[in-house]
Number of protein chains: 2
Amino acid sequence: MEKYREIGLKLTPQRLAILNYLDGNKEHPSAEDIYKAVSKKFPMMSFATVYNTLETLRQRGSLIELTIDPDKKRFDPNTKPHHHLICVKCKKIVDIYGDYKLPISNSDKEGFEIIGNHIEFYGICLKCKKGGGE
Amino acid sequence: MEKYREIGLKLTPQRLAILNYLDGNKEHPSAEDIYKAVSKKFPMMSFATVYNTLETLRQRGSLIELTIDPDKKRFDPNTKPHHHLICVKCKKIVDIYGDYKLPISNSDKEGFEIIGNHIEFYGICLKCKKGGGE
DNA sequence: CTCAATGCAAAGTGTTTGCACTGTA
DNA sequence: TACAGTGCAAACACTTTGCATTGAG
């Protein structure tokens with residue numbers, strides 16, 4: 001795992017397990033998802049370590065904290081600019097890479113200096129549509 | 001408060017106070033903000049009532065639950081389609097009404113039936129820029 | 001008068017923290 | 001070896017729930 005060394009973290013087995021789990025992960029997992037998955041290989045893993053590691057990664061910009069789910073934080077290891085498509089029934093989240101032009105009129109800006117944006121598309125996924133919902 | 005009658009709720013003083021506080025409110029308050037504000041006039045107001053009322057209003061579509069803040073839910077009495085401009089420093093949230101065309105390619109859709117979208121613009125507000133930040 | 005709404009307190013989630021111990025660098 | 005990282009449990013913040021009481025319709 002050469003790529004991890006360069007971010008300047010101590011490479012503990014726990015962190016490696018978390019990093020491995022997150023690498024390329026497109027499920028936007030919550031802290032609990034991560035804890036559960038990693039616990040399988042490291043049964044003595046603690047929540048504190050998961051949260052500590054996530055916070056460290058977030059500070060280094062290796063991770064994005066999503067505010068998409070009203071009930072808990074979710075984490076996205078994909079730091080490239082992208083948007084999300086969210087199933088309102090099963091809460092599945094899918095990445096979207098479309099490049100959208102989003103000009104804001106100066107009156108709307110109210111003096112803000114814009115530094116980025118994020119679009120949430122809401123919809124119903126194929127599985128929920130077929131399954132009749134819920 | 002004629003306008004409230006038509007939504008078919010029992011008009012208790014507590015609900016009226018909450019409805020009055022929310023009416024035209026552009027601050028995207030949290031449940032605690034609402035509780036604090038309304039408690040001034042109704043000191044015996046309970047959190048349960050605030051949450052109950054918010055949930056009832058949400059179910060009737062008279063209110064939108066925002067997932068903008070990672071730490072708590074915020075509520076928006078403005079049910080007209082609109083987007084938000086968020087100051088990353090002071091967390092101030094401003095409404096934006098720009099009409100954005102956001103086509104999604106079929107390959108991106110992955111079978112989803114799109115029913116809506118919401119854009120979050122991130123930036124730094126005038127006050128935070130002048131104040132030198134934080 | 002009835003049943004929905006309220007108030008209170010307890011319980012439930014998700015997240016954070018204090019502190020002694022451990023293992024990477 | 002030093003000190004960042006870990007594990008545990010307690011503490012926190014926000015939200016939900018159970019239940020006896022109240023009051024709007």
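Computed over heavy atoms, backbone and side chain alike; hydrogens, waters and symmetry mates excluded. Just so we're clear, the structure is a prediction, and the values are computed from it rather than from any experiment. Proteins come first, then strands; the chains are lettered A, B, ... in the order of their sequence lines, and each starts at number 1.
Phosphate contact (OP1/OP2 of D:dT16, side-chain N/O of B:K73, threshold under 4.0 Å): present. Residue B:T12 places at least one side-chain N or O closer than 4.0 Å to OP1 or OP2 of C:dT6. B:Y51 has no side-chain polar atom (N or O) that falls below the 4.0 Å cut-off from OP1 or OP2 of D:dT16. At the phosphate of C:dT2, neither OP1 nor OP2 sits under 4.0 Å from any side-chain N or O atom of B:K10. An OP1 or OP2 oxygen of C:dG23 is reached within less than 4.0 angstrom by no side-chain nitrogen or oxygen of A:Q14.
In this structure, the side chains of A:P70 and B:E65 come closer than 4.5 Å at one or more pairs of heavy atoms.
Across all strands shown, B:E55 has no heavy atoms under 4.0 Å from either base or sugar-phosphate atoms. Looking at heavy-atom distances under 4.0 Å, A:D71 makes contact with sugar-phosphate atoms alone, never a base.
B:Y100 has its ring centre less than 6.0 Å from the ring centre of B:H83. In this structure, the ring of B:H82 has its center no less than 6.0 angstrom from the ring center of B:H118.
For B:M44 and D:dT21, the CE to P distance is 18 Å, given to the nearest whole Å. Atom CD1 of B:I34 and atom P of D:dC14 are 14 Å apart (whole Å). The NZ atom of A:K41 sits 20 Å away from the C1' atom of D:dT6 (whole-angstrom rounding). For the pair B:F75 CZ and D:dC14 P, the interatomic distance rounds to 12 Å; values are reported in whole Å. Rounded to a whole Å, the CZ atom of B:F42 is 18 Å from the C1' atom of C:dC8. For the pair A:L16 CG and D:dA4 P, the interatomic distance rounds to 19 Å; values are reported in whole Å. When rounded to the nearest whole Å, the span between CG of B:L11 and P of D:dT22 equals 22 Å. Whole-Å rounding puts the B:I68 CD1 to D:dC14 C1' distance at 18 Å.
Taking CG from A:D69 and NZ from A:K91, the interatomic distance works out to 6.5 Å, rounded to the nearest 0.5 Å. Separating the CG atom in A:L16 from the CG atom in A:D23 is a distance of 11.0 Å, to the nearest 0.5 Å.
Each of A:R15 and B:R74 lies near DNA chain D, and the nucleotide nearest A:R15 is the one positioned closer to the 5' end. Between A:N52 and A:E32, the residue anchored nearer the 5' end of DNA chain C, judged by the nucleotide with its closest heavy atom, is A:E32.
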